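Before any comments, here is the structure.
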Amino acid sequence: MLRVLSGRDTVPGVIRGRAVRLLLDDGELGQDEAARLMGLVLSPGTPPADAAAWIEGFVGGGAGGGMLLVHDERLLGLVDAWLTGVPAEAFTDVLPLLRRTFSAYEPGVRRTLGELVRRGPGERGSAAGGGAGIPGFAADLDVARADAVLPVVRLLLGLDGDPAGADDNDLVGVGR
């Protein structure tokens, strides 16, 4: 039934995304197939609101929310590539849904995701570079690009609007 739900365009994106995630978690769907399905739903032909709903179902909420992105750098690269490709006029429409998804993550998960995006994949605990060939990541940090997206990252993580000032540790090293 999950396979049927994940493949029907008439099913809401949040349900399709969750179905794919459950199939992946149960080993009924390979990582390559999950990445292919994510690539299809996050393609430019899909309305941004539908794609954002799919992402919410796939990576959002529930036990371990966001941990899939922490541990699967390939899927994090796909999400990053889609997010950076959303047109500016559509981004403001999907921002509330994306913010709700990412702000529901535990602070440690948000911090880890910020670090992973800052460093790129393949560099956890090793000095080896390795971002080449993965969508959304370069071999080296582009400081100007990282600094340019800090306001959006702060919005996604729910760090703006804190009257006492946002905790600088929530984005440790990002853009530095």
Side-chain angles (χ1 to χ4, degrees), residues 13-15 17-22 24-25 31 34-35 38 41-42 48-49 51-86 88 90-131 134-138 140-176:
V14 70
I15 294 171
R18 181 58 59 164
V20 170
R21 167 82 181 269
L22 291 171
L24 180 66
D25 289 349
Q31 185 172 329
M38 179 182 275
V41 78
L42 300 181
W54 194 95
I55 285 291
E56 180 181 24
F58 187 75
V59 300
M67 291 304 291
L68 181 64
L69 290 176
V70 168
H71 295 289
D72 193 332
E73 294 171 351
R74 183 174 179 188
L75 295 179
L76 178 60
L78 286 171
V79 171
D80 181 60
W82 169 73
L83 187 58
T84 57
V86 172
F91 188 79
T92 55
D93 293 336
V94 299
L95 184 60
L97 180 55
L98 291 170
R99 185 173 187 271
R100 184 178 75 209
T101 298
F102 289 101
S103 67
Y105 297 163
E106 295 292 324
V109 172
R110 294 191 318 228
R111 224 179 344 268
T112 301
L113 285 171
E115 272 294 306
L116 286 173
V117 170
R118 182 187 69 80
R119 288 186 297 190
E123 295 185 25
R124 287 188 216 159
S126 76
I134 299 176
F137 292 95
D140 296 318
L141 175 65
D142 182 344
V143 176
R145 185 175 180 211
D147 286 341
V149 300
L150 276 176
V152 174
V153 170
R154 294 185 77 74
L155 281 172
L156 286 172
L157 297 178
L159 299 176
D160 282 348
D162 182 358
D167 181 4
D168 287 340
N169 290 331
D170 284 343
L171 293 175
V172 172
V174 175
R176 293 185 190 147

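For reference, positions follow the sequence shown, starting with 1. Remember, predicted model here, so these are calculated numbers, not experimental data.
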### Message
Please report the interatomic distance CG(L157) to CG(L150), rounded to the nearest 0.5 Å.
### Response
10.0 Å
### Listed partners of V149 passing side-chain contact (heavy atoms from CB on, under 4.5 Å), at least two apart
V153
### Summary
Here the pair of heavy atoms bringing P151 nearest to A148 is CD-O, 3.6 Å
## Note on the structure
Nearest heavy-atom contact between E56 and V14 is OE1-CG2, 4.2 Å
### Query
Quick one: OG1 on T112 to CD on E106, what's the gap to the nearest 0.5 Å?
11.5 Å
### Query
Does R21 use its side chain to pair, donor to acceptor, with the backbone of G57 at less than 3.5 Å?
no
### Query
Which atom pair, heavy atoms only, marks the closest approach of V109 to M67?
CG2-SD, 3.5 Å
### Summary
What one should report as the nearest heavy-atom pair of L69 and L116 is O-CD1, 4.2 Å
### Query
Under 30°, 30 to 60°, or over 60°: which ring-plane class applies to F58 and W54, parallel, tilted or perpendicular?
parallel
### Query
Does A34 have any side-chain contact (heavy atoms from CB on, under 4.5 Å) partners at least two apart in sequence or in another chain, and if so, which?
V20, L24, L29
